[in-house]
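Beneath this line is the structure, given in structure tokens, with notes to follow.
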Amino acid sequence: MKTNRRKFFQIAGVAGAGVISGGFASCSKPTGTEESVLAAIKEAAGRQHPQQFNMCGYAAPKLETVRIGFIGLGNRGPGAVERISNIEGVEITALCDKNPEGVARCQRILEKHGLPKAKEYTGSEDAWQKLCESPDVDLVYIATPWSLHTPMCVYAMENGKHAATEVPAAVTVEEAWQLVETSERTKKHCMMLENCCYDFFELLTLNMARQGFFGEVVHTEGAYIHDLLQSNFGKDSYSDMWRLRENQQRNGSLYPTHGLGPVCQVLNVNRGDKMDYLTSMSTNDFQMGKMARELAAEDGFFESFATDSYRGNMNTTTIRTHKGKTIMIQHDVTSPRPYSRIHLVSGTEGFARKYPLPGKIAKGHSWFDADEMKVLEEQYTPEIVKLVGDMAKKVGGHGGMDFMMDWRLIDCLRNGIPLDQDVYDAALWSVVAPLSEWSVANRSNSIDVPDFTNGKWETNEPVDVELKRGGNTSVRVAAEAESQLNV
């Protein structure tokens, strides 16, 4: 079904969104004073939305061949084209970016793999809309700036396509609900491409939790700690400096899903438990504003960034679930410290922590040694890793987790089985960001977390880690892989 574009943009709030080189321009944040924006977060978080259809466990009609259109071919997009070129049962039918060089680069990737040339959508601000309207696309794969993820997902679903988007799927509470309601109404999948759910240690601990190794899991931790200070101020790093603008305008846990997704699966959040409320606290900003002022003194380009409105260096958000479990999520992309997603699982009978690498597991005061870890890995390595783990490491993408994510998405669509991550996960994991903004601005007061499942969390089935269905999608012999952007 096609949607009137003017009506759509009124609904989505993205009229005039620009498409720019290497990706797409960031839409502006909601208009109004900071107080009104924060009040809107609180109001939206408390609003009730009746469920139209339960998308958790929904099996869309199987697609023997999945025809994919890619939007955004600047940073993450080409890596995705490379990875999916190695999966059977796929046709890459469309490539979209305003920058023709991005499209041309991805056409070369297809040629290298001996695949047909894809239709090109480029040269205009609404090129992505035309891709979504194309009858030759079943799945729209989105790798654009954050604020375009929801508008593009919604437009894709309104035009009869499944949608898969880079993280986060939404940047406001309203957008999160919009994704849920559109997916339920159209019965089209909307998956947030949370690749960290498919990293090797995360999958191992998920399977261990399912088999009771940790006993009752009572507390988990995750993070996105990644020194991106220079990248955020790099003129060529992100189109139109969109990521710096996000950090300049918002203060909270802006990018929570990498640490949050894997531990939510361990806790069966949305599928046996639900988030109840969260509280969030940020330090002051000690680096971004200072760097912006120093750069502005030498280069007028940075004058608009020389403000005191940057988010704090470190944000810590804590979440309590309905069943009395807790989750701690941290966000710091400024401080000079080693990369970490923490990934901590603490139960009544066991404990695991991934960072500092390598991941370690314990049953008491002492970590298992290397020989004991090998035994655990042999016992608990899940089926997806046994099946495509070696190929994933060869193709790459954050060590292989990106490939396993893409392979599993295609495998589910081809077999007509539920996705590992559904629209409720996309909405919930993303909404932690705006909720944390409200809490930070309100002296770390707690705020209720919306139940996007409308109570169905009590009966929704946990994620299938055993590949009870599917698992029959084959892979091609990989050509020499393009380099993968590991951010």
Side-chain angles (χ1 to χ4, degrees), residues 23 25-41 75 145-149 167-168 170-173 223-260 278-318 329-341 430-445 447 487:
S26 175
C27 301
S28 61
K29 66 182 291 186
T31 58
T33 64
E34 180 180 358
E35 290 77 13
S36 66
V37 171
L38 292 169
I41 293 173
N75 288 336
W146 300 347
S147 57
L148 282 174
H149 291 175
V167 302
V171 293
T172 69
V173 183
Y224 188 68
I225 297 172
H226 191 182
D227 183 0
L228 296 175
L229 183 62
Q230 297 298 326
S231 294
N232 281 336
F233 280 97
K235 292 183 180 180
D236 299 321
S237 298
Y238 301 103
S239 301
D240 194 35
M241 308 294 287
W242 70 262
R243 195 157 185 171
L244 180 60
R245 297 180 197 279
E246 292 282 356
N247 284 269
Q248 183 185 27
Q249 297 170 348
R250 305 168 62 198
N251 188 13
S253 183
L254 303 190
Y255 200 62
T257 73
H258 284 335
L260 185 61
L278 67 76
T279 184
S280 188
M281 180 182 292
S282 291
T283 68
N284 286 346
D285 163 48
F286 291 92
Q287 290 178 269
M288 297 192 78
K290 179 176 180 290
M291 175 171 278
R293 289 187 292 274
E294 290 173 351
L295 291 171
E298 303 292 333
D299 186 345
F301 174 85
F302 290 99
E303 286 182 2
S304 64
F305 298 106
T307 66
D308 294 321
S309 58
Y310 288 94
R311 53 119 187 100
N313 277 47
M314 170 62 80
N315 174 274
T316 300
T317 297
T318 54
I329 299 296
Q330 291 190 318
H331 175 274
D332 186 343
V333 293
T334 305
S335 305
R337 49 183 294 185
Y339 179 89
S340 175
R341 299 197 304 272
S430 299
V431 84
V432 167
L435 297 182
S436 73
E437 291 180 69
W438 184 91
S439 182
V440 167
N442 286 275
R443 293 179 60 85
S444 302
N445 284 333
I447 184 169
V487 295

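Across all their heavy atoms, S439 and L278 have their closest contact at CB-CD1, 4.3 Å. Residues R311 and G252 approach most closely at CB-N, 4.3 Å, considering heavy atoms. Across all their heavy atoms, N251 and S282 have their closest contact at OD1-OG, 3.3 Å.
Using modelled atom types, no side-chain atom of N232 and backbone atom of R243 make a donor-acceptor pair closer than 3.5 Å. Side chain of D299 to backbone of L295: no donor-acceptor contact under 3.5 angstrom is found. Judged purely by atom type and a 3.5 angstrom limit, N445 has no side-chain atom pairing as donor or acceptor with the backbone of I447. In this structure a side-chain-to-backbone donor-acceptor pair under 3.5 Å is missing from N284 to F286. Within the 3.5 Å criterion, the main-chain N or O of S444 finds no donor-acceptor partner in the side chain of N442. Remark: side-chain polar atoms of H149 are paired, donor with acceptor, to backbone N or O of P168 under 3.5 angstrom.
Side chain to side chain, T283 and N313 fail the donor-acceptor criterion of an N or O pair below 3.5 Å.
Note that the CD atom of E437 and the CG atom of N315 stand 9.5 Å from one another [nearest 0.5 Å]. A distance of 11.5 Å separates OH in Y255 from CD in E246, rounded to the nearest 0.5 Å. We find the CZ-CG distance between R337 and D227 to be 10.5 Å, quoted to the nearest 0.5 Å. Rounded to the nearest 0.5 angstrom, L244 CG and K235 NZ are separated by 12.5 Å. Taken from CG in N247 to OG in S309, the straight-line distance is 10.5 Å, to the nearest 0.5 Å. Within the model, atoms OG of S280 and CG of L435 stand 9.5 Å from one another, a figure rounded to the nearest 0.5 Å.
Side-chain atoms of D285 and K290, non-hydrogen and from C-beta on, never get closer than 4.5 Å to each other. Using a 4.5 Å heavy-atom threshold, the side chains of D240 and R245 count as touching. For the pair Q248/M241, no side-chain contact is recorded, criterion being any heavy-atom separation below 4.5 Å from C-beta on. The shortest distance between side-chain heavy atoms of Y238 and N75 falls below 4.5 Å. In this structure, H226 and R341 have side chains that are not in contact, with every pair of non-hydrogen atoms separated by 4.5 Å or more. For the pair Y224/S253, no side-chain contact is recorded, criterion being any heavy-atom separation below 4.5 Å from C-beta on. Here the side chains of Q287 and S335 are in contact, with some heavy-atom distance below 4.5 Å. Side-chain contact between M281 and T316 is absent, with no heavy atoms from C-beta onward closer than 4.5 Å.
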Exercise. Output, in order, the C-alpha distance, side-chain angles, deciding distance and verdict of side-chain contact (heavy atoms from CB on, under 4.5 Å) for E294 and F302.
Key: CA-CA 9 Å; E294 290 173 351; F302 290 99; over 6 Å; no
Exercise. Please test H331 against T317 for side-chain contact (heavy atoms from CB on, under 4.5 Å), starting from the C-alpha separation and ending with a verdict.
Key: CA-CA 9 Å; H331 175 274; T317 297; over 6 Å; no
Practice problem: Could you please spell out the steps behind the side-chain contact (heavy atoms from CB on, under 4.5 Å) verdict for V171 and R250? | Solution: CA-CA 10 Å; V171 293; R250 305 168 62 198; 4.1 Å; yes
